[in-house]
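Input: a single structure, listed below in structure tokens.
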Amino acid sequence: ATEAAADPTEAGDDSGDDGGNGGEASADLEEYFADIEVLFEEADADTDELSTLFDAALAEAATLEEEKEALMAFIFDNVSVLNNALDDMEDIDAPSETEDEHDAFIEAGRDLIALSADFADQLDQAETEEEIDAVNLQFDEEGTALAAAADEACADLQTIADDFNILVDL
């Protein structure tokens, strides 16, 4: 029994290794995850604020045109937040362990920006509530797929952090 207790691979090991890759995280990797965690938190806070403002503007809208204006402002403001976050993420030098996932996240975000611009153009052309609903439906379907790609890349980044026992919440 004393031999098992001396073996760090046996139960009772409190080294923190939960079966990840077992490697030590480099300072660059730890800094990378700290940087993107802050970036994600800032973008989340900004989009939460925009959602609150959008809800208020939509509640005050008395006409279909005012509803469109509120939605257009919301889209453009969200695109701005996302674009700034992606620009900041591109400025971060991704360690080799994260390059593919880092690039996949940025690509999905850029695709979402392009879709949002197209959505805004179609929304601007819409003249009836039915046309707006149809544009919204199309955007929801396509946007959901792009958001899923970004979520997958984010989850993959989180897995890498977890494998290196880096405590972040992406």
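- In plain terms, the two heavy atoms of E60 and E66 that are nearest each other are O-OE1, 4.1 Å.
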Could you walk me through whether Q138 and F119 satisfy the side-chain contact (heavy atoms from CB on, under 4.5 Å) test, starting with their C-alpha distance in whole Å, then the side-chain angles of each, then the deciding distance to 0.1 Å, before giving a yes or no? CA-CA 9 Å; Q138 179 183 356; F119 173 62; over 6 Å; no

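- No side-chain donor-acceptor contact under 3.5 Å links D124 to the backbone of A120.
- Counting non-hydrogen atoms of other residues, nucleotides and ligands closer than 6.0 Å to CG of D93 gives a total of 12 or fewer.
- A donor-acceptor contact shorter than 3.5 Å links the side chain of K68 to the backbone of A126.
- The two residues I75 and S116 have their closest heavy-atom pair at CG2-O, 3.8 Å.
- Note: the hydrophobic cluster containing I106 does not contain V38 (ILVMFWY, side chain heavy atoms under 4.5 Å, direct or indirect links).
- Taken from CG in D77 to CZ in F54, the straight-line distance is 11.0 Å, to the nearest 0.5 Å.
- Linking ILVMFWY side-chain heavy atoms closer than 4.5 Å, directly or via other members, places F33 and L167 in two distinct hydrophobic clusters.
- Distance CG/L115 to CD/Q122: 8.5 Å, rounded to 0.5 Å.
- Across D118, L86, L146, a single residue satisfies side chain to side chain contact (heavy atoms under 4.5 Å, CB included) together with I113, and that is L86.
- Side chain of H102 to main chain of P95: no donor-acceptor pair is present (N/O by atom type, distance under 3.5 Å, no hydrogens or angles).
- Heavy atoms from other residues, nucleotides or ligands lying under 6.0 Å from CG of D91 number more than 12.
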side-chain contact (heavy atoms from CB on, under 4.5 Å) between E127 and I132: does it pass, once the steps are laid out? CA-CA 7 Å; E127 296 180 3; I132 291 173; over 6 Å; no

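- In L64, the CG atom is crowded: over 12 heavy atoms of neighbouring residues, nucleotides or ligands sit closer than 6.0 Å.
- For the pair D87 and R110, the tightest heavy-atom approach, listed with the atom from each and the gap, is OD1-NH2, 2.7 Å.
- Taking the ring centroids of F164 and Y32, they lie at or beyond the 6.0 Å cut-off.
- Grouping the Ile, Leu, Val, Met, Phe, Trp and Tyr side chains by contacts below 4.5 angstrom, directly or via other members, places F74 apart from L53.
- Heavy atoms from other residues, nucleotides or ligands lying under 6.0 Å from CD of E131 number more than 12.
- Of the inter-residue distances, the one linking D35 atom CG with D28 atom CG reads 10.5 Å to the nearest 0.5 angstrom.
- Closest of all the heavy-atom pairs between C154 and F40 is SG-CE2, 3.7 Å.
- Here the side chain of E107 pairs no donor or acceptor atom with the backbone of D103 at under 3.5 angstrom.
- The distance from the CG atom of L170 to the CG atom of D156 is 11.0 Å, given to the nearest 0.5 Å.
- Across every non-hydrogen atom of A70 and A57, the tightest pair is CB-CB, 3.9 Å.
- I160 CD1 to L29 CG: the interatomic distance, rounded to the nearest 0.5 Å, is 8.0 Å.
- A donor-acceptor contact shorter than 3.5 Å links the side chain of T144 to the backbone of D140.
- To the nearest 0.5 Å, atom CD of residue E31 and atom CD1 of residue I92 are 9.0 Å apart.
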Are N136 and L71 close enough, and set up right, to give a side-chain contact (heavy atoms from CB on, under 4.5 Å), and what steps lead you there? CA-CA 10 Å; N136 273 327; L71 187 53; 4.0 Å; yes

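- Side chain to side chain, Q158 and D162 meet the donor-acceptor criterion of an N or O pair below 3.5 Å.
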